[in-house]
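First up is the structure itself, then whatever we jot down about it.
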Amino acid sequence: MSAPETLIILDYGSQYTQLITRASRELGVYSIILPFRSTIEEIMRHHPSGIVLSGGPNSVYEDGAPGLPEGLFEQQVPVLGICYGMQLMTRHFGGTVEASNTREYGNATLNVTATSDILPESVNGSSIWMSHGDHVSAPADGFTVTATSGDIICAIENSATKLYGLQF
């Protein structure tokens, strides 16, 4: 009998961490929430099929902001960064994260702008809920913007390295 797929969710303080965990379990994927301070050894002990970097209330450019486990991206495990997680990934690989002029909160429309591994074309035009004060203004080299809302980047991905980001 083979081991079940395991999804590790690194908790950066998002109010949605538990919801992400429950949704993955409802899809039949075993999931474990670990604190963002977990070491790469603690994470890899679970043999994850994927890792989610949850959102959180911090700004990636502030002193003392929660960071990434050292060696995370060398593990060749698909990673999905959500909100703060997408911003961490962007900053780690040399992209730009900036404060928004106004806090984005509320209903918006998702515009799929490129072929995506994780966003089907059918979600184009969907209503999404924005809730953040920072945004990715320039993705890192190797990442493609796959969705926007107005002039805000909502989804990025690097298919070759299986790194993905969502901010909505």
Not counting sequence neighbours, which residues clear side chain to side chain donor-acceptor pair (under 3.5 Å) with [X]? List them please.
X	result
S14	none
Y164	D117
N158	T161
N111	none

Output all residues satisfying side-chain contact (heavy atoms from CB on, under 4.5 Å) with [X], sequence neighbours left out; order by chain, then residue number.
X	answer
T96	E98, S137, A138
E42	S38, T39, R45
A114	T144, T146

Euclidean distance, [Y] [atom2] relative to [X] [atom1], rounded to 0.5 Å:
X	Y	atom1	atom2	value
I33	F36	CD1	CZ	14.5 Å
I8	T6	CD1	OG1	6.5 Å
S149	D151	OG	CG	8.5 Å

Per-pair distances, 0.1 Å, donor-acceptor, side chain in residues 25-32, under 3.5 Å, sequence neighbours excluded:
{"residue": "R25", "atom": "NE", "partner": "S31", "partner atom": "O", "Å": "3.4"}
{"residue": "R25", "atom": "NE", "partner": "S31", "partner atom": "OG", "Å": "3.1"}
{"residue": "R25", "atom": "NH2", "partner": "S31", "partner atom": "O", "Å": "2.6"}
{"residue": "E26", "atom": "OE2", "partner": "R22", "partner atom": "NE", "Å": "3.3"}
{"residue": "S31", "atom": "OG", "partner": "T21", "partner atom": "O", "Å": "3.3"}
{"residue": "S31", "atom": "OG", "partner": "S24", "partner atom": "OG", "Å": "3.0"}

Show the nearest heavy-atom pair for residues [X] and [Y], with the distance to one decimal.
X	Y	result
T113	A147	OG1-N, 3.4 Å
Y12	P57	O-CD, 3.6 Å
G13	D11	N-OD1, 2.8 Å
F168	L110	CE2-CD1, 4.1 Å
L10	P35	CD2-O, 3.8 Å

Subject >> Sidechain-backbone polar pair: S59 side chain, A99 backbone, donor-acceptor under 3.5 Å >> reply: no
Subject >> Selection residues 153-165 - residue pairs positive for salt bridge (charged side-chain N to carboxylate O under 4.0 Å, His left out), sequence neighbours left out >> reply: none
Side-chain donor-acceptor pairs under 3.5 Å in residues 122-129, sequence neighbours left out?
{"residue": "N124", "atom": "OD1", "partner": "V112", "partner atom": "N", "Å": "2.7"}
{"residue": "S126", "atom": "OG", "partner": "V123", "partner atom": "O", "Å": "2.7"}

What side-chain donor-acceptor pairs closer than 3.5 Å can you find for residues 85-93, not counting sequence neighbours?
{"residue": "Q87", "atom": "NE2", "partner": "D134", "partner atom": "O", "Å": "3.3"}
{"residue": "Q87", "atom": "NE2", "partner": "Q167", "partner atom": "OE1", "Å": "2.9"}
{"residue": "T90", "atom": "OG1", "partner": "M86", "partner atom": "O", "Å": "2.9"}
{"residue": "R91", "atom": "NH1", "partner": "V60", "partner atom": "O", "Å": "2.7"}

Do [X] and [Y] share a hydrophobic cluster (ILVMFWY, side-chain heavy atoms under 4.5 Å, transitive)?
X	Y	result
I82	F143	no
Y84	L166	no
L163	I43	yes
I118	I152	yes

Distance-only check: which donor-acceptor pairs under 3.5 Å involve side-chain atoms of residues 70-81, not counting sequence neighbours?
{"residue": "Q75", "atom": "NE2", "partner": "G71", "partner atom": "O", "Å": "3.0"}

Original post:
Can you check whether Y16 reaches C83 side chain to side chain, under 4.5 Å on heavy atoms?
Top reply: no
**OP:** Please check if atom CG in N107 has more than 12 non-hydrogen atoms from other residues, nucleotides or ligands closer than 6.0 Å.
**Re:** yes
Original post:
Do L68 and L53 pass the side-chain contact (heavy atoms from CB on, under 4.5 Å) test, and can you show the C-alpha distance, the side-chain angles, and the key distance before you say yes or no?
Top reply: CA-CA 9 Å; L68 294 162; L53 309 174; 3.7 Å; yes
